[in-house]
Amino acid sequence: MNRDLRDIAIDNSDRIIQEWSKEINRLKSANYTADISKELFENNNDEFVNVILNSIKGNGSTKIVKDFSDRIIKLGWPLSYIIDGLLVFRKVTTNTILTEIEQADSEYISEVINNVDVWVEPIIRQLVNEYSVSWEHVVSLQRIALQELSAPLIPVMDNITIMPLIGTIDTERAKFIMENLLEGVMQHNAEVVLIDITGVPVVDTMVAHHLFQATEAVRLLGAKCILVGIRPEIAQTIVNLGINFSKLPTKSTLKKGFMLALEITNKSIVEMQDKSQNIDQLLGLDKGSERIHANSDLKTT
Amino acid sequence: MGSQSYVTIMKEWDIVAARQMGRDIAKNLGFGTVDQARITTAISELARNIHLYAGEGKVCFEIVESLEHKGIRVLATDNGPGIRDLSQVMEDGFTTSGGLGAGLPGVKRLMDDFDIESEVGKGTKITTTKWVR
Ligand SMILES: Nc1ncnc2c1ncn2[C@@H]1O[C@H](COP(=O)(O)OP(=O)(O)OP(=O)(O)O)[C@@H](O)[C@H]1O
Ligand SMILES: [Mg+2]
């Protein structure tokens with residue numbers, strides 16, 4: 001009996017393919033991205049339905065399905081297309097077999113449905129699995145990329161380093177900030193670290209607590225932290241929370257913090273009396289720029 | 001009364017989802033940037049307490065309207081261990097987790113109305129409201 005149904009489906013595969021394509025094309029206009037060209041869509045459909053049929057013929061061989069899924073995942077086909085395709089296939093195949101055998105007692109109908117389910121389900125499971133593995137891979141790559149961005153240290157001059165923080169700070173990132181901060185202080189021989197929180201959307205007790213801990217650890221290494229980039233609404237919120245920031249020097253802007261850092265490291269910025277060099281020369285852009293030279297000469301005379 | 005929505009707190013990033021939802025509602029109600037920051041921070045504290053001490057729970061939002069004014073009500077509920085001494089946890093600096101102990105007293109100051117109910121072994125329910133000025 002089992003074997004028979006499979007044969008019926010395979011003998012009628014042309015009809016199944018035809019019906020399937022009709023339904024899938026109807027779904028396309030409503031659901032899938034418009035930028036898939038008609039030709040590509042049709043080619044892919046042919047291949048898809050053949051993969052399903054072959055997999056059924058081969059008694060659920062997974063190799064064809066795997067090759068197919070690798071390719072469509074790489075091409076970025078939406079998962080909804082795959083799911084729809086398989087669900088439509090199930091419906092069309094069930095209908096085709098039922099019209100073919102004209103024996104319609106309910107017991108038989110449910111047997112047909114069960115059989116078709118058994119063919120289609122492993123394919124659905126495998127494809128969804130392949131998709132999720134690929135997503136997990138993407139997510140883990142993005143995680144690494146995000147981590148690289150999460151606590152950068154910029155040594156701006158001898159002994160002064162800046163850590164600009166952008167985005168939400170969760171406990172994992174807070175740990176990462178701490179590690180990077182300590183490592184950076186050692187590596188760059190920093191005396192002062194400016195932590196810029198302009199881009200941090202919420203400073204709650206958890207964030208404050210981690211900032212305090214990081215500052216304390218930096219202090220133990222013999223350096224100082226200055227917290228900068230405190231937006232007015234953040235300042236008010238911190239006051240309401242009743243958090244005491246007196247142990248951690250703060251400045252509203254990076255510029256003010258930098259001035260303080262200069263003071264601490266016994267440095268100052270001196271403005272030169274006359275500009276002895278042309279800006280382009282300083283930037284190393286002066287080669288082949290005679291025209292600009294000529295112009296600036298004109299201005300000075 | 002007004003519409004209701006909520007975020008289930010099960011993992012740390014749900015805290016971010018909760019405060020994002022709260023901030024959006026607050027912005028739509030016409031709160032200024034400072035009050036938006038206050039409300040968002042209060043939500044962050046409540047959601048994090050759920051995450052830390054109860055494991056899971058819910059943060060619900062409600063738009064409340066009286067004759068004179070509108071506001072946002074935040075309800076943080078959990079079925080966690082509960083709190084034995086309510087006046088103690090409302091003291092600045094009281095913590096059982098090595099934190100700053102500023103969360104709950106902070107929320108009370110950040111918001112306008114604040115109410116806490118808790119039963120040991122049953123859970124905790126915190127209701128707090130901020131009115132648009
Ligand atoms: N939902 C809760 N369920 C059980 N216990 C809680 C709950 N919320 C708070 N507590 C208890 O109340 C104490 C004080 O909470 P509060 O938020 O004020 O400070 P904290 O969480 O310890 O530190 P901080 O919030 O400053 O990082 C907590 O240490 C905890 O013991
Ligand atoms: Mg807390």
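Below, read A as the first sequence line, B as the second, and so on, with proteins coming before strands; counting in each chain starts at 1.
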Top contributor to chain A interface from B/Gly101, B/Gly99, B/Pro105, B/Gly32 [non-hydrogen pairs under 4.5 Å]: B/Gly99
NZ (A/Lys267) with more than 12 external heavy atoms under 6.0 Å: yes
Sorted by number, residues from residues 178-188 of chain A in contact with chain B (heavy atoms, under 4.5 Å): none
Contact check, side chains of B/Arg23 and A/Val202, non-hydrogen atoms, under 4.5 Å: yes
Residue pair B/Thr40 / A/Glu233, side-chain heavy-atom distance below 4.5 Å: no
Chain A contact via B/Arg38 - which portion, at a heavy-atom distance below 4.5 Å: both
Any donor-acceptor pair under 3.5 Å from B/Glu12 side chain to A/Thr171 backbone: yes
Flag if over 12 foreign heavy atoms under 6.0 Å of CZ, A/Arg71: yes
CA sep, side-chain torsions, deciding dist, call: B/Arg109, A/Leu241, side chain to side chain contact (heavy atoms under 4.5 Å, CB included): CA-CA 7 Å; B/Arg109 282 188 294 263; A/Leu241 279 173; 5.8 Å; no
From B/Thr41 atom OG1 to A/Ile234 atom CD1, the distance as rounded to the nearest 0.5 Å: 6.0 Å
Any residue of residues 203-212 of chain A which, by heavy atoms, sits under 4.5 Å from chain B: A/Val203, A/Asp204, A/Thr205, A/Met206, A/Ala208, A/His209, A/Phe212
Over 12 foreign heavy atoms within 6.0 Å of NE2, A/His137: no
